[in-house]
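One structure below.
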Amino acid sequence: MGNSAKDSDSAEPAAEGLSKRMLKTRLSITRTARALTAELGYNGFTIEQLCEQVGISRRTFFNYFPGKLDAIFGHSSDDMPEGALERFIAARPEGITGISPTLLADTVALVLEQLTFDEQAIVCTHGMFKVAHREPELLQRMMQMGPKKEQEFLDLLSQREGVPADHPMFHFLAHAMRFCCMKAIDNYVANAGAKSLADEFITVLTAAKELFSQPLFLPHD
């Protein structure tokens, strides 16, 4: 009933060495683990129960993940459509120095790709995050991964724009996209999917854009 492997053979393989079938299995493990966590809590199910739902053996599980917590958080690349990051970088207009005029639109396109990749998987992940406040193991891992994921996004922007990752516009963009995504998912769940996640995201983002299109200061007589 343990939640971690006991030997070095359990180390997860590099993504580059996985076949499409193996990638599909890895993704199924993570999505099922997140669904069980959202429903039962981190300690509410065992690896054996997880494996039974996925349709794999315990030994197979440890070929992909060293433990249950790792399976729950999975791989960030599994949550993104293939080639999305490459398309985002390639979309930068040529012959421009500094922040490109299409950065916001290209970032929105990137987020929309992710939101339309698998709505139910995103909602399931959101449900898992909702229970994290009462699950010490989940909360600790989230606190560790949050800054790491943000830095990865800042580094992506820096790579694309050729500007240092600590540029204030990058930080604002990162926080704005995260807030709009979380609010869109909240609205999607509250409205029982009446609108797509993408539409909910655009609605929230449009409201933000309208606000920040107002002048920062009022004219003085």
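Numbering starts at 1 and runs along the sequence shown.
Taking the ring centre of Y64 as origin, the terminal cationic atom of R26 falls outside the region bounded by 6.0 Å and 45° from the ring axis. Figure legend: cation-pi geometry between K68 and F45, with NZ or CZ positioned under 6.0 Å from the six-membered ring centre and within 45° of its axis.
Through side-chain heavy atoms spaced under 4.5 Å, either directly or across other Ile, Leu, Val, Met, Phe, Trp or Tyr residues, M143 is tied to L139.
F179 and I202 fall into different hydrophobic clusters, defined by Ile, Leu, Val, Met, Phe, Trp and Tyr side-chain heavy atoms under 4.5 Å apart, directly or through other members. Linking ILVMFWY side-chain heavy atoms closer than 4.5 Å, directly or via other members, places L197 and M128 in two distinct hydrophobic clusters. By the criterion of side-chain heavy atoms lying less than 4.5 angstrom apart, applied directly or through intervening Ile, Leu, Val, Met, Phe, Trp or Tyr residues, M142 is not grouped with V123; the two fall into different hydrophobic clusters. Note: the hydrophobic cluster containing I96 does not contain L103 (ILVMFWY, side chain heavy atoms under 4.5 Å, direct or indirect links). Using a 4.5 Å cut-off between side-chain heavy atoms of Ile, Leu, Val, Met, Phe, Trp and Tyr, with links allowed through other members, V108 and M182 fall into different hydrophobic clusters.
Distance check, rounded to the nearest 0.5 Å: CZ of F129 to CD of E135 gives 13.5 Å. From I56, atom CD1 reaches atom CZ of F62 across 10.0 Å, with rounding to the nearest 0.5 Å. I29 contributes atom CD1, which lies 7.0 Å from atom SG of C51 (distance to the nearest 0.5 angstrom). The distance from the SG atom of C124 to the CZ atom of R31 is 9.5 Å, given to the nearest 0.5 Å. In this structure, T32 OG1 and E52 CD are separated by 12.0 Å, a value rounded to the nearest 0.5 Å. The structure places OG1 of T203 at 8.0 Å from CG of N187, a figure rounded to the nearest 0.5 Å.
At a threshold of 4.5 Å between non-hydrogen side-chain atoms, the residues L23 and E82 do not count as touching. Side-chain contact between L138 and F73: present, with at least one pair of heavy atoms (C-beta onward) separated by less than 4.5 Å. Counting heavy atoms from C-beta outward, Y188 and I122 have side chains that stay 4.5 Å or more apart. Residues F201 and M177 have side chains in contact (heavy-atom distance under 4.5 Å, counting atoms from C-beta outward). Looking at heavy atoms from C-beta onward, I72 lies out of side-chain contact with R141 at the 4.5 angstrom threshold. For the pair Q53/L50, no side-chain contact is recorded, criterion being any heavy-atom separation below 4.5 Å from C-beta on. When side chains are defined from C-beta on, K209 does not count as touching L205, because their heavy atoms never get closer than 4.5 Å. A 4.5 Å side-chain heavy-atom check between V131 and E39 finds every atom pair outside the cut-off.
Between the side chain of T116 and the backbone N or O of L112, at least one donor-acceptor pair lies under 3.5 Å. Without hydrogens or angle criteria, Q114 side chain to V111 main chain gives no donor-acceptor distance under 3.5 Å. In this structure, S213 contributes its side chain and E210 its backbone to a donor-acceptor pair below 3.5 Å. Side-chain atoms of N191 never come within 3.5 Å of backbone atoms of A194 as a donor-acceptor pair (strictly under, hydrogens ignored).
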Problem set entry | Stepwise side chain to side chain donor-acceptor pair (under 3.5 Å) test for S57 and T60 | CA-CA 5 Å; S57 68; T60 297; 2.9 Å; yes
For this session: For the pair Q49 and L40, evaluate side chain to side chain contact (heavy atoms under 4.5 Å, CB included) and give the outcome as yes or no after the intermediate values.
Result: CA-CA 12 Å; Q49 291 169 326; L40 304 172; 5.8 Å; no
For this session: Run the numbers on T30 and H75 for side chain to side chain contact (heavy atoms under 4.5 Å, CB included), then give the verdict.
Result: CA-CA 8 Å; T30 293; H75 294 256; 5.7 Å; no
For this session: Would you sort out whether H126 and D186 count as a side chain to side chain donor-acceptor pair (under 3.5 Å), showing the intermediate values?
Result: CA-CA 8 Å; H126 185 63; D186 282 338; 2.7 Å; yes
What pairs of donor and acceptor atoms, side-chain ones from residues 146-157 against any protein atom, are under 3.5 angstrom apart with sequence neighbours left out?
from	atom 1	to	atom 2	distance (Å)
E150	OE2	H175	NE2	3.4
Q151	NE2	D155	OD1	2.9

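Summarising the local packing, CZ of R87 is surrounded by more than 12 heavy atoms from other residues, nucleotides or ligands at distances under 6.0 Å. For M145, the CE atom sits in a packed shell: over 12 heavy atoms of surrounding residues, nucleotides or ligands are nearer than 6.0 Å.
The two residues F117 and D78 make their nearest non-hydrogen contact at CE2-O, 3.5 Å. Nearest heavy atoms, D70 versus P66: OD2-CG, 3.5 Å.
Using a 4.0 Å cut-off between charged side-chain N and carboxylate O, R34 and D79 make a salt bridge.
Within the structure, salt bridge (Lys or Arg N to Asp or Glu O under 4.0 Å) pairs that include any residue of residues 195-207 do not occur (at least two apart or interchain). The side chain to side chain donor-acceptor pair (under 3.5 Å) contacts involving residues 94-103 comprise S100-R160, S100-E161, T102-D106, T102-R160, where partners must be two or more places apart or lie in separate chains.
Under the ring pair (Phe, Tyr, Trp, His ring centres under 6.0 Å) criterion, F212 pairs with F172, sequence neighbours left out. H167 is linked by a ring pair (Phe, Tyr, Trp, His ring centres under 6.0 Å) to F170, counting only residues two or more places apart in sequence or in another chain.
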